[in-house]
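As the structure is a computational prediction, the values presented were derived from the model and not from experiment. All residue numbers refer to positions in the sequence shown, counting from 1.
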Amino acid sequence: MGKKSNFSGLCRFLPQEFLDPNTVGSTAPHQAPPGKERNTETLCPTRTKYDATTLVPRYRTADEVPENLQKYFSQRKRYFSLYDQGCLLDEEGWYSVTPESIAVQIADRCRCDTILDPFCGVGGNAIAFAKTCEHVIALDISPVRLALARHNAAIYGVADRIEFILADYISFANAYLSRPHPARRIDAVFLSPPWGGPAYLACENPVSSDDYNAKLQGELEAHPEYSLSSIKPIHGADLFRLTKRISNNIAYFLPRNTSLNEISALLDKNENFITDDEPQMIEVEEAWMGSKLKALTCYFGGLVTGQEHLF
């Protein structure tokens, strides 16, 4: 893997040691995924080093929270179990961060050496990946959100295992792919691009399991299927195809009402079979919080159960 850089700034794009085979050996064998989670602990000196408390409001009570964020604040410890230790979110982070239990489940499925999180936001998924992967590359186009992500990672004691890069993913991917022999292999990519804000959401009232079918039917009637064309910054299908040039092992985090037909169509017809007798599968995992379906995680390549040999 090579040594980690001591660079601690946020405005670094495509670090030289990541791409230059003269700096890091490009023929090193791929390491097997770690067998268990890394030990982590909160380190107060690290928290101070990456403190970002002046960048956004720090809400401690519901009285301090704007009305449009009230429902998200009430779930703050679902987003970050260590919220009371100083975790920070900007407005977009409040409605886009992956709940911690879901992030942990995805990270467990994505165990590998190096994983790319190209839309890291305030760091919920990157923090979880840092506990199951050797190295996490976290991108975001917002310097504030990137600083918040590092701040939050420091609270969880994993900031030194995440490489934070201020960059847009399209430029990063094209630059990475333009190199004939990138020094560091990216083993898997977690795609969680902007969905278009909270407007995609269907009705929010929790229901019992007996009412599940009625709940889903009500959501479909209230909101049409979510199309990958609503993904930002480019069509979700184009985003997937670009990512597949980096790694076949993709976890695509999508709204719960995403069209399954569009998800199925992400694999080209000539990719539908691993061999003449073995079809290539897509695994769609529902992410639930209690009685509420939150999102879908779609696994491709070697991340699919039963297709680990493709990793």
Check this for me, if you would: do Arg109 and Glu283 make a salt bridge, where the nitrogen-to-carboxylate-oxygen distance has to be below 4.0 angstrom?
yes

Assess Arg76 against Tyr79: is NZ or CZ under 6.0 Å from the centre of the six-membered ring, and within 45 degrees of the ring's axis?
no

Between the side chains of Arg185 and Asp113, is the shortest nitrogen-to-carboxylate-oxygen separation below 4.0 Å, so that they form an ion pair?
no

State, with a plain yes or no, whether a side-chain heavy atom of His235 is found less than 4.5 Å away from one of Leu228.
yes

Short side-chain to backbone donor-acceptor contact, Thr258 and Leu254, under 3.5 Å:
no

Could you tell me whether Arg150 sits above the aromatic face of Tyr50, with NZ or CZ closer than 6.0 angstrom to the six-membered ring centre and within 45 degrees of the axis?
yes

Salt-bridge criterion met for Asp84 and Lys77 (N-O under 4.0 Å)
yes

Could you tell me whether the side chains of Asn68 and Glu91 share a donor-acceptor contact shorter than 3.5 Å?
yes

Examine the side chains of Ser171 and Asp168 and answer whether a donor and an acceptor come within less than 3.5 Å of each other.
yes

Report yes or no: is the cationic atom of Arg58 (NZ for Lys, CZ for Arg) under 6.0 Å from the centre of the six-membered ring of Phe73, at an angle within 45° of the ring normal?
no

Ser227 and Glu262: side chain donor to acceptor below 3.5 Å
yes

Could you check whether Glu100 pairs with Arg78 (Lys NZ or Arg NE/NH1/NH2 to Asp/Glu carboxylate O, under 4.0 Å)?
no

Measure the acute angle between the ring planes of Phe240 and Tyr252, then classify it against the limits of 30° and 60° as parallel, tilted or perpendicular.
parallel

Centroid-to-centroid, Phe119 to Trp195, below 6.0 Å?
no

When you check the side-chain N and O atoms of Thr53 and Asp51, is any donor under 3.5 Å from an acceptor?
yes

Counterpart residues, ring pair (Phe, Tyr, Trp, His ring centres under 6.0 Å), relative to Tyr299 (two or more places apart)
none

